Protein chains: 2
Amino acid sequence: MSRKSKCPPPFLSKTYDLLEEEREGEASVGKKIVSWNMEGNGFVVWCPAEFSELMLPKYFKHNNFSSFIRQLNTYGFKKTASKRWEFQHEKFRRGCRHLLAEMRRKKCQPSVFPSYLRPNSAHHHPPNTHQDNKSIAAAASSEVLLMELKEENKKLRRERVDLELQIAHFKTMQIKLLECLSHHTPTPTLHCLPLISINNLT
Amino acid sequence: MSRKSKCPPPFLSKTYDLLEEEREGEASVGKKIVSWNMEGNGFVVWCPAEFSELMLPKYFKHNNFSSFIRQLNTYGFKKTASKRWEFQHEKFRRGCRHLLAEMRRKKCQPSVFPSYLRPNSAHHHPPNTHQDNKSIAAAASSEVLLMELKEENKKLRRERVDLELQIAHFKTMQIKLLECLSHHTPTPTLHCLPLISINNLT
DNA sequence: GGTTCTAGAACC
DNA sequence: GGTTCTAGAACC
């Protein structure tokens, strides 16, 4: 037996537990908060509010419905109804706890770009410590202004380096693409590249 | 007067309305569901459950808290507290309905690349350079230095625009190249594109 | 432009 | 591995 059968991810065990516990206590309460769906191949959160406030904290370290959803997506669950919070996963079925151990987090593909070229890198702005500062009013002196300008210039220089690096990568990538194209096109295929001058790529 | 002052995005008007309405009715109910924060430069959803069930449908076409959050992010709001659903935006302030018209959706580029192939698009927040020029006159000593810094600053900005333009061109070219490749390659040709997962390009 | 579903990424 | 905040993208 493979190690897969060892131990299911805690998130899945807990979610499964939660559904089983609700099933047992079902008779006692009039209102169903969460349950297996009819076919037993998925589950429905009938009352997100109660679910978040009452059940999530019992099993997880939060009461945040979005966080629960995020985890479901991480493990590959799909929302399968448009007007209900119903989720399904091939291996998440009533009565099949053993299948949980076969479920895995989706791994996020490592990016081909270095981190500073990735979409989010532009969001890492140095904190604006000088904006709300009382010292602005107090010392509208040129000293502060000088500092700010210097800071901004430094930032602009950094940005320029980043942009130039991006361009370098684009050039590399395009060379590769052109090489690839040349291997696969028997004849010149200028028709599909109306805007590209090969000479400009080096 | 520019067209900016015409008409704020409906989402923002409605959210502002919602807060004003709650403010008026505040005395009648014991429980605050949503309100401006103390400083009036943001707001807090105190009870997400009630907010979603009772208020969202009154103003929007859904009762989905996540959808509301998604809209806030689209318009550039930031969540500003870790244990509260508090959101702020520079231009979303109590008593300043006129500022709403200056707010805009963040635009997102349409999609040809998987996100990891898309270098960071222009998300730059150019810092405020508009200091009152009087302070410059006051500091006669560093006037020259200031001028030089400002000049350099201006130059760096111009360069940035150019570089970003170049990148835009590269993006366009790469899209064309990839389209072209997809027309001419019957089978995946991984050998010539070590950095690119072909499957994601079609 | 709004709503929904899912994912990226940082942080814990 | 879990939790949080935000964004991409499809669909309406």
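Predicted, not measured: the structure shown is a model, and the values here were computed from it. Below, chains carry the letters A, B, ... as their sequence lines are ordered, and counting in each starts from 1.
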Indicate whether OP1 or OP2 belonging to [N] is found under 4.0 Å from a side-chain N or O atom of [X].
| X | N | result |
| --- | --- | --- |
| Lys79(B) | dC5(D) | yes |
| Arg70(A) | dT6(D) | no |
| Arg105(A) | dG2(D) | yes |
| Lys78(B) | dC5(D) | no |
| Tyr75(B) | dG1(C) | no |

Quiz item: Between CE of Met103(A) and OH of Tyr75(A), what distance do you get to the nearest 0.5 Å?
Solution: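 Between atom CE of Met103(A) and atom OH of Tyr75(A) there are 8.5 Å.
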Practice problem: Could you tell me whether Lys58(B) and Asp17(B) make a salt bridge, using a distance below 4.0 angstrom between a side-chain N and a carboxylate O? | Solution: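 No, this pair does not count.
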Practice problem: Salt-bridge test for Arg94(A) and Glu20(A): reply yes if a basic N is under 4.0 Å from a carboxylate O, no otherwise. | Solution: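 No, Arg94(A) and Glu20(A) are not salt-bridged.
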Rounding to an integer number of Å, can you tell me how far [X] [atom1] sits from [N] [atom2]?
| X | N | atom1 | atom2 | value |
| --- | --- | --- | --- | --- |
| Phe11(A) | dG2(D) | CZ | C1' | 10 Å |
| Phe87(A) | dT6(C) | CZ | C1' | 10 Å |
| Leu56(B) | dT4(C) | CG | C1' | 14 Å |
| Ile69(A) | dA7(C) | CD1 | P | 13 Å |
| Gln71(A) | dG2(D) | CD | C1' | 5 Å |
| Phe68(A) | dT4(D) | CZ | C1' | 16 Å |
| Leu72(A) | dT3(D) | CG | P | 12 Å |
| His62(A) | dG2(D) | NE2 | C1' | 8 Å |

Exercise. Give Thr74(A) one of three labels, base, sugar-phosphate or nothing, depending on what nucleic acid heavy atoms sit under 4.0 Å from its own.
Key: nothing
Quiz item: When all nucleic acid strands are considered with a 4.0 Å heavy-atom cut-off, which category describes Ser66(A): base, sugar-phosphate, or nothing?
Solution: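 Ser66(A): no heavy atom of the nucleic acid under 4.0 Å.
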Among the nucleotides [options], which one has an atom lying closest to any side-chain atom of [X]?
| X | options | result |
| --- | --- | --- |
| Asn64(B) | dG2(C), dT4(C), dG1(D) | dT4(C) |
| Pro10(B) | dT3(D), dG1(C), dT4(C) | dG1(C) |
| Ser67(B) | dG2(C), dT6(C), dT4(C) | dT4(C) |
| Lys106(A) | dT6(C), dA7(D), dT3(D) | dT6(C) |
| Asn73(B) | dT3(C), dA7(D), dT3(D) | dA7(D) |

Practice problem: Side-chain contact test, heavy atoms from C-beta onward, threshold under 4.5 Å: evaluate it for Phe43(A) versus Phe92(A) and give yes or no. | Solution: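 Counting from C-beta outward, Phe43(A) and Phe92(A) do come under 4.5 Å.
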Quiz prompt | Ring-face cation of Lys79(B) near Trp85(B) (centre distance under 6.0 Å, axis angle within 45°) | solution =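 Yes, a cation-pi geometry holds between Lys79(B) and Trp85(B).
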